[in-house]
Amino acid sequence: MLALWSCLAIALGAMAQTPLLFSPIENRDGSACIRSIIRLTDGRMAFATLDGIDIFDGSGFSHHAKVTGDLLPLSKYEGFHHLYLSNSGNLLWIKNYHELQCLNLETGLFISDMPALMTKLGFPSNIDDFFCDQGNRIWAITGNKLIQPESGINITLDKGNPILDLTSDLKTIYLFTKNGKLTAYSLTSGKQLYSVDTYPEDENWKFSGTSLVIEGRDGYYQIRNGKIGGFFHFNPTTRKWNKILESNLRLNTIAVDDSCAYISTNNGLITVNISSFKASHTPFIRTESGHLLASEISTIATDDSHGIWLGLLNRGILYYHPNAFRYLEIPKSNTVHTKGSLPSSVFSENQDQTVTIFQPPNNLRVSLSNGFVRQVNTLPQTTLAGEYGSNESFIASDGSIFFNEGSRYAVFLKNDNPKDHCSVKPILHSILINGVEIETLGSYDGNTILDKAIAKTTSIVLLPHQNFLTLKISAPLYSPSIPYFAYILDGIDREWHVAKGEGATGRMLSAYYTALPPGNYTFKVRDASSENNPETRIAIKVLPHWWQTGWATALFILLFLLAVAAIAISYVHYSNKKIAREQRESFLLERIRNLVIQIDNFKAEAPDEPDKTSHHNNVNEQNEKENQEKTLSDTDKAFVNKAIEAVEKNLNTPGYSVVQLSQDLCMDRTGLYRKLTALLDQSPSIFIRDIRLRNAARLLKENKLSITEIAEQTGFSSTSYMSKCFQERYGCRPSEYTSKNQDTTPEV
């Protein structure tokens, strides 16, 4: 019996036409008065409101106010809001009673000069009516002509029978006129092909007010309004019309999917099965909040995932998706509750994930997980506190909704695992630089990062310090399933990342990149369900600092080469000076050596006075002076003698230097250097050293003192230094000189 009851409930639910349960679209700052809906070419949904256009990308809305837009008068259009797309989906046209506006979707701004735009598109600056066909071609009526500059078609119209609407396929343009005629013209030649009546002429009073045509699975569907409303179907293959229904309701807009046509009215929704043409009217709209709304539905549209969008007169946007809930219809028992006998609570939720429907004597218990229904004869033993429903509806803890309706309970069980995924191309939702969200046409340190609407942006250029980047990507999916994104930044990421959608709707991806080095990158993102899904690509260029640019690198290389050249030139110059100095010193040493040899030779030729050492020294000095007198003037000779005496006087003074010599001679150091160089071709330091060495040689010859004592008496700082200088001067070490010259006069 329990199994039979469960099967009966499910079977009844399948047999009946599935009711629609709508969810409000939140997070909107725009007007709640929705007038028209259109799906954009990139998958986003656009909503015309009283104050502009709101565009939904799956994660949130962007609002485009029309206050700055220009209005183009349309004298022959007497209908209401209608949206068109043209120019590869970049221009969104809003046609309303006697007026036309246009939103440029690339810039996100309304056109401020409509006559100039029409002229640019090849039309007169003033037109009487405006249309776009299925191929996004623009048509305009001016006078009694329908023109399409792109194809060159120019159709003469019947002045007494104005066009209410038009559409097209690949070869034919169809015109729908006020008197109910459909006239077909060739898109290639512009010639009339045929003309058929939508309804008999005597019914023209019923439907001659407004028209809206939409393409369906097997032809075109049209709603017309006059004194009453009518719904018609045209088959272009058979060229026949079929009137599906008449209604006293005002038929506002129409949307068609594979199985049904949905017509919004001033009192709820009409649903028509397009196979059987069976229609049903739903005056109340069920919502996830458990309410039944009685409202005029201004407009309706469908999307690629079989969802239905409603734009209400003053209550915003509602959305339905067939896989968000599983519908279960449970007929009521024979027990009849009068208004005064209704229980205090029809529904209650139990702790075992079931809901009890109070219906004595046979209460029902519904499983939230699988929809299984069974009868129970007892009241619920335990319930969740506060989870009691009203007499009309009940929302379970998992989001399932129960409605108490007449002879049935309409149950919408939350679908936790909807299998309705379809891949779409992701859309750029926003860009954050250094944590600041970037606005279109905004200037950031002189850099306009976004020069067009964010969803139309395919490349950005960033300054060097604008390299902390956050990209927010949205999936324009409106089904209950949560998408997964796959993304990569070429040049930074080594492999694709996969992330689940986040945000209020679960359809947002946030990709973070910090401290991007200068360079060119490409950000790629797609639906992660397949590698073949379409990708969205964004080119990103991070400019270098001035010192990282090519010209700066070239400048640095040039400066480096100049520095190397300068160093090389300096080194060569220093080396040349060093060589010249060494050559000059060598030459001076040779001159001094020759001078000493001459002095020693002069001493050797002088009479020997072995017992008078001092007299011998005086003779040497006299010989040296006489030798110098041959080339020096008296003044110069006196100077040289004075210099020799000053050095010999301080011979045993350690560290006696050129500075001290110059002081003893009452001269500055530079003057002393110039004087001695000019007279003797030797520097003062060489002059002092040679006098010390000559006295050292004399003492070595006498062989009375040790080499160490001789070094001290002749003013050398160390024996090793004296030996080095002595060997350079005489060609042998002091010890060798002593052994050679014990019995002979040294040849110096």
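Worth knowing before you read on, the calculation uses all heavy atoms, side chains too, and leaves out hydrogens, waters and symmetry mates.
Here the side chain of Tyr221 pairs no donor or acceptor atom with the backbone of Ile254 at under 3.5 angstrom. Asp527 contributes no side-chain N or O that, together with a main-chain N or O of Asn533, makes up a donor-acceptor pair within less than 3.5 Å. Of the possible donor and acceptor atoms, one in the side chain of Thr198 sits under 3.5 Å from a partner among the backbone N and O of Gly180. Between the Lys206 side chain and the Gly230 main chain, no donor and acceptor come within less than 3.5 Å of each other.
Screening Thr167, Leu166, Ile138 for a side chain to side chain contact (heavy atoms under 4.5 Å, CB included) with Cys132, the sole residue that qualifies is Ile138.
Heavy atoms only, all atoms of each residue included: Ala301 and Met45 are closest at CB-CE, 4.4 Å. In plain terms, the two heavy atoms of Val424 and Pro476 that are nearest each other are CG2-CD, 3.7 Å. Here the shortest heavy-atom pairing between Asn266 and Arg250 reads OD1-N, 3.1 Å. Closest of all the heavy-atom pairs between Arg44 and Ile55 is NH1-CG2, 3.6 Å. The two residues Asp129 and Ile163 come nearest to each other via the heavy atoms OD2-O, 4.1 Å. Thr536 and Ile427 get closest at one heavy-atom pair: OG1-N, 4.5 Å.
Here the CD1 atom belonging to Ile94 is positioned 8.0 Å from the NE2 atom belonging to His81, to the nearest 0.5 angstrom. We find the CG-CD1 distance between Leu313 and Ile34 to be 10.0 Å, quoted to the nearest 0.5 Å. For the atom pair CD1 (Ile297) and CG (Leu310), the distance works out to 5.0 Å, reported to the nearest 0.5 Å. In this structure, the separation between OG1 on Thr282 and OH on Tyr262 is 10.5 Å, given to the nearest 0.5 Å. Cys33 contributes atom SG, which lies 9.0 Å from atom CG of Asp51 (distance to the nearest 0.5 angstrom). One distance of note links CZ of Phe22 with OG of Ser289; it measures 13.0 Å at 0.5 Å rounding.
Classification of the Tyr409-Phe347 ring pair by plane angle, with boundaries at 30° and 60°, yields perpendicular. Using bins of under 30°, 30° to 60° and over 60° for the plane-to-plane angle, the ring pair Phe277/His233 lands in the tilted bin. Between Phe394 and Phe402, the two ring planes are tilted [angle within 30° to 60°]. Taking the six-membered ring where the residue is Trp, Phe412 and Tyr327 present tilted rings, their angle falling between 30° and 60°.
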Problem set entry | Chi angles and distances behind the side chain to side chain contact (heavy atoms under 4.5 Å, CB included) call for Ile317, Trp309 | CA-CA 7 Å; Ile317 304 168; Trp309 298 83; 3.8 Å; yes

For this session: For the pair Phe358 and Ser348, evaluate side chain to side chain contact (heavy atoms under 4.5 Å, CB included) and give the outcome as yes or no after the intermediate values.
Result: CA-CA 8 Å; Phe358 187 72; Ser348 64; over 6 Å; no

For this session: Apply side chain to side chain donor-acceptor pair (under 3.5 Å) to the pair Asn415 and Asn323, showing each step before the final yes or no.
Result: CA-CA 7 Å; Asn415 192 352; Asn323 293 332; 5.4 Å; no

Exercise. What do the steps show when you test Leu413 against Leu368 for side chain to side chain contact (heavy atoms under 4.5 Å, CB included), and what is the final call?
Worked result: CA-CA 6 Å; Leu413 300 176; Leu368 297 177; 4.2 Å; yes

Problem set entry | Verdict with reasoning, Ser59 to Ser474, per side chain to side chain donor-acceptor pair (under 3.5 Å) | CA-CA 6 Å; Ser59 298; Ser474 180; 2.8 Å; yes

For this session: Given side chain to side chain contact (heavy atoms under 4.5 Å, CB included), test Trp139 with Ile173 step by step and report yes or no.
Result: CA-CA 11 Å; Trp139 300 78; Ile173 177 77; 3.9 Å; yes

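For the residue pair Asn204 and Lys178, no side-chain donor N or O sits within less than 3.5 Å of a side-chain acceptor on the partner. Checking Ser88 against Asn90 by side-chain atom types alone, no donor-acceptor pair falls below 3.5 Å. No hydrogens or angles considered: a donor-acceptor pair under 3.5 Å links the side chains of Ser264 and Thr253. Under 3.5 Å, the side chains of Gln148 and Asp133 contain no donor-acceptor pair of N or O atoms. Between the side chains of Thr49 and Asp54, no donor N or O sits under 3.5 Å from an acceptor N or O. A donor-acceptor contact closer than 3.5 angstrom is absent between the side chains of Asp257 and His306.
Qualifying ring-ring contact (aromatic ring centres under 6.0 Å, His included) partners for Phe207, counting only residues two or more places apart in sequence or in other chains: Tyr199, Phe232. In this structure Asp169 satisfies the side chain to side chain contact (heavy atoms under 4.5 Å, CB included) test together with Lys171, Thr172, Tyr174, Tyr220, sequence neighbours excluded.
Taking 4.0 Å as the cut-off between side-chain N and carboxylate O, Arg224 and Glu203 do not count as a salt-bridged pair.
Side chains of Tyr97 and Glu78 form a contact here, defined as non-hydrogen atoms less than 4.5 Å apart.
A centroid separation of less than 6.0 Å is found between the aromatic rings of Tyr84 and His82.
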